[in-house]
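This report refers to the structure that appears directly beneath it.
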Amino acid sequence: MSSNETVAPDQRRRIIVASVIGTTIEFFDFYIYATAAVSIFPLLFFPKGEGTAALLASMATFGVAFVARPIGSILFGHFGDRVGRKATLIGSLLLMGLATFAVGLLPPYHAIGLLAPALLAILRFCQGLGLGGEWSGAALLAAETAAPGKRAQAAMWPQLGAPFGFILANGFFLVLTTVFGFRSGAAQVDDRFLAWGWRIPFLLSIVMVLVGLYARIKLQETPVFVRALERGEKLKSPLIEVVRNNFGELVRGAFIMVATYGLFYLMTTWILSYAIGKVELGLLGIDYRAFLYLQLISVVLFAGFIPVSGYLADRFGRRRFLIAVTSAIVLFGLSFGWFLSRAIMGSGDSANLGLMLVFLCLGMSLMGLTFGPMSALLPELFPTNTRYTGSGIAYNAASILGAALTPFVATWLASSYGPGSVGLYLACLGGSTLAALILSEETRATNLDTMEQDATAAAAIETTSP
């Protein structure tokens, strides 16, 4: 019997709704900081730096969250594996929401000096802690209640929170910059948008958090976790257990995610800074609002390809499908030098926005294909009593390897060696993911209760595989 035959369809629907709402809110909070880190914080919190120096300082605080995320995965994973998925997810949402709200209250550098960037870094760290506990819990809720043979399709729903949150965050900033008439290339500290307008999405995020809390309070615990408790499998220290017994899975899981992380933060955070940066600094000088329109169009493709990837990962297997997608990411990285050179792309008012849109759409389509199956694959690597901790650590350790320094390193590489070197950096990340996938086994037929291959599922796979 399937481990999830007892889960009623209406309960699965509630889990889908709650997981999508929750991850959308968490990623919205995370991304509004990322957008502000490029266009706003260098002016308000790091005014002593000029041009690239201020941007690099802002990117450094952006990266603080990626140091916090593995810590958050350990902290929330401990309680998620001992107390339950539901209660832990409520805690992660509260921490993220309160930290984001507090960013909207921070005074700038000219009001309180160095305390301003210090507090900004602390709150970004708290955001990272919250997101570190969010993803794995939401993925487990969906994966542990999935219908037989459709785990990747069920677990892909929390993944939609990433593009949905990004669309909301950037759409919000697009509306605000239009209303306030903000132009990044001619920004002054006394502009109304920089004086107070940028705070609006941070402050209003608390309303979304309340909605998310209501949705999660209505959830039930997953039957897979309940059965593990009934068998007496609760551990005193899930962290020690997962490191002792599943260290190889932790390493492989982290590297399987590296290319995904690197691709995403190059296609969102770094490319924004490269595209809207001043022409005299060797950047493209595209208008901020014009670029946001292009980016939002490409993120729609990101969202659209996530369901496609869930279906294909169930149809062909996680390993085979992701090897093909990661190979395409490597090839895409090798194209950066052509797409983004000023000789081809142009700059300022003469920049080729159509070519930029093609570049963004290619990258975000690949992002949807690689990101979708991760919420099924990583939980399948770990037993129930360490699954929250193990999948969370693997996912967020990858954030350090593939994302924490990526915008910073890419900014330096582009200024020193041109955009082609950034693409080579992505290709290297893709190579490490390919190696991890090649060294991994297929997990599509894994029974999450027993961690053994389900004979019925395995037979179905043999029947449906090409």
Side-chain angles (χ1 to χ4, degrees), residues 25-76 91-135 165 169 173 187 189 194-196 198-203 205-206 209 261 264-265 268-270 272-273 392 396-412:
I25 293 166
E26 294 265 13
F27 280 107
F28 170 82
D29 288 355
F30 204 69
Y31 295 152
I32 56 176
Y33 187 104
T35 301
V38 172
S39 58
I40 298 163
F41 294 161
L43 297 170
L44 294 181
F45 292 93
F46 305 96
K48 293 296 184 182
E50 295 293 336
T52 302
L55 179 60
L56 288 174
S58 183
M59 289 295 188
T61 65
F62 172 81
V64 164
F66 294 98
V67 177
R69 284 174 68 163
I71 300 173
S73 67
I74 293 171
L75 174 65
F76 287 100
S92 69
L93 184 62
L94 276 173
L95 178 59
M96 169 70 88
L98 293 175
T100 303
F101 180 78
V103 170
L105 300 175
L106 277 182
Y109 180 91
H110 70 261
I112 60 173
L114 291 175
L115 185 59
L119 290 174
L120 185 67
I122 291 171
L123 292 174
R124 182 60 173 172
F125 186 86
C126 291
Q127 278 192 321
L129 285 178
L131 194 60
E134 164 65 25
W135 178 86
F173 271 106
V189 176
L194 290 178
W196 61 273
W198 69 270
R199 301 179 184 275
I200 295 174
F202 288 90
L203 297 176
S205 68
I206 198 69
V209 170
Y261 264 118
F264 183 75
Y265 283 97
T268 55
T269 304
W270 170 74
L272 176 62
S273 66
N396 291 294
S399 74
I400 292 181
L401 298 171
L405 295 177
T406 289
F408 186 94
V409 170
T411 299
W412 175 78

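FYI, side chains are in, hydrogens and waters are out, and symmetry mates aren't considered; it's all heavy atoms of this structure. In what follows, residues are counted from 1 in the order of the sequence shown.
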Minimum heavy-atom distance [X]-[Y], with the two atoms named:
X	Y	value
Ile206	Phe101	CB-CD1, 3.9 Å
Thr411	Pro407	OG1-O, 2.7 Å
Ile112	Pro107	CD1-CG, 3.4 Å
Ser92	Glu134	OG-OE1, 3.4 Å
Ala116	Leu106	O-CD1, 4.4 Å

Min side-chain heavy-atom separation [X]-[Y] under 4.5 Å:
X	Y	answer
Phe27	Leu131	yes
Trp198	Val103	yes
Tyr109	Leu115	no

Distance, nearest 0.5 Å, that separates [atom1] of [X] from [atom2] of [Y]:
X	Y	atom1	atom2	answer
Phe202	Phe28	CZ	CZ	8.5 Å
Ile74	Asn396	CD1	CG	9.5 Å
Tyr265	Ser399	OH	OG	8.0 Å
Leu93	Leu98	CG	CG	9.0 Å
Gln127	Ile32	CD	CD1	7.0 Å
Leu95	Cys126	CG	SG	5.5 Å

Problem - Exam field: side chain Arg69 to backbone Gly132, donor-acceptor pair closer than 3.5 Å - result: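 Side chain of Arg69 to backbone of Gly132, a donor-acceptor pair under 3.5 Å: no, none is there.
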Problem - Residue from Leu129, Leu75, Ile400 passing side chain to side chain contact (heavy atoms under 4.5 Å, CB included) with Pro70 - result: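 For Pro70, the side chain to side chain contact (heavy atoms under 4.5 Å, CB included) test succeeds with only one of Leu129, Leu75, Ile400, which is Ile400.
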